[in-house]
Structures are given as C-alpha cells and as structure tokens.
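The shown structure was predicted, so the numbers you read here are calculated from the model rather than taken from an experiment. We name chains A, B, ... by the order of the sequence lines, and we start the count at 1 in each one.
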Protein chains: 2
Amino acid sequence: MARGCRREQNLCHGRFKEYGYRLTMSRQAILDVLSKTKDHLSAEEIYHEVHKVYPSSGMSTVYRTLELLVDLGIVHKFHFGDGRSRYEIDRGEEHNDHHHHHLVCTKCQRVINYTDFIDDEIELLRRTEKGLSKKYNFKIVKHILQFYGLCERCKEKQ
Amino acid sequence: MARGCRREQNLCHGRFKEYGYRLTMSRQAILDVLSKTKDHLSAEEIYHEVHKVYPSSGMSTVYRTLELLVDLGIVHKFHFGDGRSRYEIDRGEEHNDHHHHHLVCTKCQRVINYTDFIDDEIELLRRTEKGLSKKYNFKIVKHILQFYGLCERCKEKQ
DNA sequence: ACTGTTAATGGGAATGGTTCCCATTAACAG
DNA sequence: CTGTTAATGGGAACCATTCCCATTAACAGT
Ligand SMILES: [Mn+2]
Ligand SMILES: [Mn+2]
Ligand SMILES: [Zn+2]
Ligand SMILES: [Zn+2]
C-alpha cells in the first residue's frame with residue numbers, strides 16, 4: 001500500500017477493526033486516493049485512481065466502500081448539480097482548516113472550499129441548530145451550505 | 001384550467017409571453033400543481049398530479065417544462081438525498097414567508113420549510129456572499145442551506 | 001374564424017449513475 | 001495453516017433523466 005497520510009491509516013485501521021470490518025486492499029486504496037486529494041471526486045474518478053494502483057478492483061466495491069465510509073462519518077458525500085455524487089474525506093478536528101463550505105460554479109462545475117467567514121458561519125449555524133432542534137424536536141446531524149454562481153473564468157466569458 | 005393562485009397565473013402568462021414561450025395546457029397544469037402545494041414534489045409526483053387533470057400529458061414534457069421553469073427562476077430544484085430531484089415554486093417577494101431553508105429527515109425523507117432565525121441567516125449569508133464574491137471574483141446567484149438529521153417520529157423509533 | 005408556421009408535445013428508446021446478484025476470493029481468528 | 005464468512009468483481013438490473021422524431025396545437029397574421 002502506498003504511503004498516504006499516516007493519520008488516515010491509523011484512523012481507518014482503528015475504525016475498521018473497531019467495528020469488525022476487514023481492512024482489505026480495495027478499502028485501503030480508496031482511502032488512500034481520498035486522503036491524497038483536495039478535490040471532490042466522483043465514484044468513477046475514484047475507481048480510475050484506485051485502478052492505477054490496484055487494477056483488479058471493481059466499481060461495485062468502490063460504491064460499497066464509499067457508502068460504508070459515509071456511514072462511518074469518515075467521508076462526506078455531496079451533490080453539486082452535475083448528476084453524480086462527489087466524495088471528500090473528513091479531515092477531522094486536528095487541522096484548523098477542517099470544516100469548510102463550498103462555492104460551486106454552475107457552468108464549469110469547479111468547486112472551491114472556503115473557510116473565510118467560517119467562524120461567524122459556524123457560530124450562527126450552531127445557534128440555528130439549537131433553536132431548530134428544540135422547536136421541531138429534530139436531532140440534527142449535519143448541515144450543508146453551498147453558494148452557486150459563476151466563477152472568475154466563466155463569468156468573463158459570458 | 002383549474003383555478004390556482006391567481007398571482008401564479010398572471011406570473012406565468014406574463015413571463016411566458018414576455019420571453020416568447022407558448023402557454024400550453026401542460027405548462028399551465030404543471031404550474032397549477034406546483035402553486036397548490038407546499039410539498040417538494042418529484043417529477044414523477046408532478047406527472048401523476050398533472051395526469052389527473054390532463055391525462056394525455058407525458059413525462060418528457062414534465063421534465064422539459066421543469067427545466068424551463070427553473071431557468072426562468074419560477075421554480076427551485078433541490079436534492080434532499082433520495083436519488084431524485086424535487087421542485088418547489090418560488091413564492092416571490094410579496095409574502096413574508098417567502099425565503100426559507102430546509103430541515104431534512106434522512107430516514108423518512110420528510111422536509112420542513114423553516115423561517116425561524118431566517119433574518120439572522122439571511123443577513124449573514126448576504127455578508128458572506130459579498131465577501132466571497134470579492135475574494136474569489138465569483139458571481140453568486142443562489143445559496144442552499146439545509147440541515148439533515150432525524151425528525152421527531154424517526155428519532156424516537158430508534 | 002381560418003391558416004401557416006413552427007414551438008411544443010408525447011411516447012418510446014437511449015443514457016448513465018447506482019444498486020443488485022452471486023459465484024469466487026481473501027481477511028483474519030483460532 | 002485452515003475454516004469461516006465478510007468482501008469482492010463482473011455483469012445484469014434498475015431507475016431517474018435525457019434524447020429523438022413524427023405529430024399536434026399555440027398563436028400571429030389574415
Ligand atoms: Mn470540500
Ligand atoms: Mn421548501
Ligand atoms: Zn466556472
Ligand atoms: Zn423522519
């Protein structure tokens with residue numbers, strides 16, 4: 001297995017063993033791909049990357065593993081408006097660039113992670129979550145905040 | 001055509017004519033369904049409703065019309081996590097319950113429109129939009145803010 | 001009201017992302 | 001090393017959405 005972020009290896013070892021899941025080549029390869037990129041990869045893109053290092057892997061395993069990783073909270077799944085799901089590893093609490101929101105170009109599909117204003121946002125969201133969960137008796141697990149529009153390049157082209 | 005919200009009829013007449021689009025039975029029926037519900041209907045649900053009143057209508061027309069309505073800003077398209085798109089008419093600026101965000105149950109797919117805390121949210125979002133569009137030279141057109149979790153019923157069941 | 005132009009329709013086929021199935025493989029506990 | 005069984009991979013199935021095209025109907029001009 002190629003060397004990825006050591007933290008990720010520990011994390012996956014830890015979580016997988018902990019829950020009784022087996023640490024297979026496919027799962028390691030998929031985690032490795034996700035921990036090495038800052039992009040928001042589709043299942044197919046992940047499949048292609050994994051394939052380079054571990055050519056016998058299959059699409060169904062990629063989907064199955066991604067679903068598991070999302071359930072375990074290790075990976076986040078997003079929809080940015082091009083009809084496919086996109087995946088991003090959770091970088092945890094240790095970096096301070098951990099939690100971020102997204103800026104999405106509706107023309108070229110470019111996605112920017114931004115953390116500007118994040119403190120104000122997080123604070124308001126926390127407050128809102130508290131209020132909403134009380135009023136609607138809802139157990140809130142996560143939120144999604146995305147801004148859509150035209151990026152620098154697409155804006156000037158038209 | 002059944003009587004829907006009069007405002008909607010004017011709006012659709014207005015907008016359609018204005019842009020040179022024809023005001024067909026299908027389009028009227030679709031707008032009528034959307035303006036009568038507070039739910040977030042899928043294309044298929046809209047198709048079934050339209051079918052009751054105008055049985056010769058077809059799915060492709062529903063999809064085609066929804067795309068047009070979204071482009072014109074008359075209808076909003078959402079993804080709440082069950083693999084289908086959901087549509088909601090834009091209730092405009094006149095009601096003060098117009099702009100809202102969503103609370104989504106990941107188990108039963110129930111969606112709540114909430115406007116609590118909306119003023120604080122809108123203010124922060126406007127500020128963030130301003131900052132982001134300057135820093136990233138982005139033309140921001142819309143935002144999506146959704147909270148995911150377990151609703152009252154699903155929470156207690158497990 | 002009638003007519004011609006052509007935008008829009010509807011049905012069905014095609015597409016594409018995702019899920020399902022099942023015979024085979026390999027992780028790992030003992 | 002071995003047995004148990006979770007996990008895999010390939011391909012078929014599924015299902016939401018898009019595409020295609022012959023037919024229909026909206027509506028501007030008369
Ligand atoms: Mn991101
Ligand atoms: Mn809504
Ligand atoms: Zn762009
Ligand atoms: Zn629920």
Side-chain angles (χ1 to χ4, degrees), chain A residues 1 9 12-31 33 40-72 74-75 77-87 109, chain B residues 1 9 12-31 33 40-72 74-75 77-87 109:
Chain A
M1 176 188 174
Q9 288 191 32
C12 77
H13 278 250
R15 298 242 205 163
F16 272 104
K17 293 293 174 61
E18 194 174 327
Y19 286 100
Y21 295 111
R22 293 180 183 176
L23 190 53
T24 65
M25 294 301 283
S26 283
R27 284 170 176 176
Q28 292 181 57
I30 290 166
L31 271 169
V33 166
H40 308 82
L41 302 177
S42 67
E44 198 179 14
E45 287 166 346
I46 293 167
Y47 169 72
H48 283 308
E49 286 303 310
V50 167
H51 216 256
K52 289 179 188 169
V53 127
Y54 185 60
S56 68
S57 61
M59 266 302 271
S60 6
T61 300
V62 171
Y63 275 108
R64 242 185 278 117
T65 303
L66 287 170
E67 188 184 10
L68 179 60
L69 291 170
V70 169
D71 286 349
L72 294 178
I74 296 170
V75 165
K77 181 179 185 177
F78 294 102
H79 292 274
F80 294 127
D82 66 335
R84 63 187 71 184
S85 300
R86 300 203 161 258
Y87 301 86
Q109 310 295 334
Chain B
M1 176 186 178
Q9 289 192 30
C12 76
H13 278 250
R15 297 243 205 165
F16 272 104
K17 293 294 174 66
E18 194 176 327
Y19 288 99
Y21 297 112
R22 293 181 184 176
L23 190 54
T24 65
M25 295 302 282
S26 285
R27 286 171 175 175
Q28 292 181 59
I30 290 166
L31 272 168
V33 166
H40 307 82
L41 302 178
S42 67
E44 197 180 14
E45 287 167 344
I46 293 167
Y47 169 72
H48 283 308
E49 286 303 311
V50 166
H51 216 256
K52 289 180 188 167
V53 127
Y54 186 62
S56 67
S57 62
M59 266 303 269
S60 6
T61 299
V62 171
Y63 275 107
R64 241 185 279 118
T65 302
L66 287 171
E67 189 185 10
L68 178 61
L69 291 171
V70 168
D71 286 348
L72 295 178
I74 296 169
V75 164
K77 180 178 184 176
F78 295 102
H79 292 274
F80 293 127
D82 66 333
R84 64 188 71 185
S85 300
R86 298 202 164 261
Y87 301 86
Q109 310 296 332

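With values rounded to the nearest 0.5 angstrom, Ser57(B) atom OG is found 14.0 Å from Arg27(B) atom CZ. Atom CD in Glu67(A) sits 11.5 Å away from atom OH in Tyr63(A) (nearest 0.5 Å).
The aromatic rings of Phe80(B) and Phe78(B) sit parallel to each other, their planes meeting at less than 30°, with 60° as the upper class boundary.
Going from atom CG of Asp71(B) over to atom P of dA8(C) covers 13 Å, rounded to whole Å. As a whole-Å value, the separation of Tyr19(B) OH from dA7(C) P is 18 Å. Residue Tyr87(B) contributes atom OH, which lies 12 Å from atom P of dA16(D) at whole-angstrom precision. The nearest whole Å value for the distance from the CD atom in Glu67(B) to the C1' atom in dA16(D) is 14 Å. In this structure, Met59(B) atom CE and dG12(C) atom C1' are separated by 13 Å, rounded to whole Å. A straight line from CD of Gln28(B) to P of dA25(D) spans 14 Å, rounded to a whole angstrom.
Looking at heavy-atom distances under 4.0 Å, Ser42(A) makes no contact with the nucleic acid at all. Backbone-only contact: Ser26(A) has heavy atoms under 4.0 Å from sugar-phosphate atoms and none from a base. Counting non-hydrogen atoms under 4.0 angstrom, Tyr54(B) reaches the backbone sugars and phosphates but no base.
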Mind running side-chain contact (heavy atoms from CB on, under 4.5 Å) on Leu31(A) and Phe16(A) for me, showing each step along the way?
CA-CA 12 Å; Leu31(A) 271 169; Phe16(A) 272 104; 3.9 Å; yes
Thr24(B) vs Thr65(B), test: side-chain contact (heavy atoms from CB on, under 4.5 Å). Steps then yes/no.
CA-CA 10 Å; Thr24(B) 65; Thr65(B) 302; over 6 Å; no
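Nearest heavy-atom pair, Arg84(A) versus Glu44(A), reported as atom, atom and distance to 0.1 Å: NH1-OE1, 4.0 Å. Closest approach of Thr61(A) and Ile30(A) over heavy atoms only: O-CD1, 4.2 Å. Shown here for Glu45(A) and His40(A), the closest heavy-atom pair between the two residues is OE1-O, 4.1 Å. Taking every heavy atom of both residues into account, His79(A) and Ser85(A) meet most closely at CE1-OG, 3.2 Å. Nearest heavy atoms, Leu23(B) versus Gln28(B): O-NE2, 3.5 Å. In this structure, Tyr87(B) and Ser42(B) approach most closely via the heavy-atom pair CD1-C, 4.4 Å.
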Show the distances under 3.5 angstrom between N or O atoms of the protein and N or O atoms of nucleotides 15-17 of chain C.
unit_1, atom_1, unit_2, atom_2, d
dG17(C), OP1, Arg84(A), NH2, 2.8

Are any protein N/O atoms closer than 3.5 Å to N/O atoms in nucleotides 27-30 of chain D? If there are, list each pair with its distance.
unit_1, atom_1, unit_2, atom_2, d
dC27(D), OP1, Leu23(B), N, 2.8

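DNA chain C contains the following stems of three or more consecutive Watson-Crick or G-U pairs, with both distances under 3.5 Å: C:1-30 with D:1-30.
Between Ser60(B) and the phosphate of dG10(C), there is no side-chain N or O to OP1/OP2 separation shorter than 4.0 Å. For Arg64(A), no side-chain nitrogen or oxygen approaches OP1 or OP2 of dA7(D) to under 4.0 Å.
With the nearest nucleotide of DNA chain D identified for both Leu68(A) and His51(A), Leu68(A) has the one nearer the 5' end.
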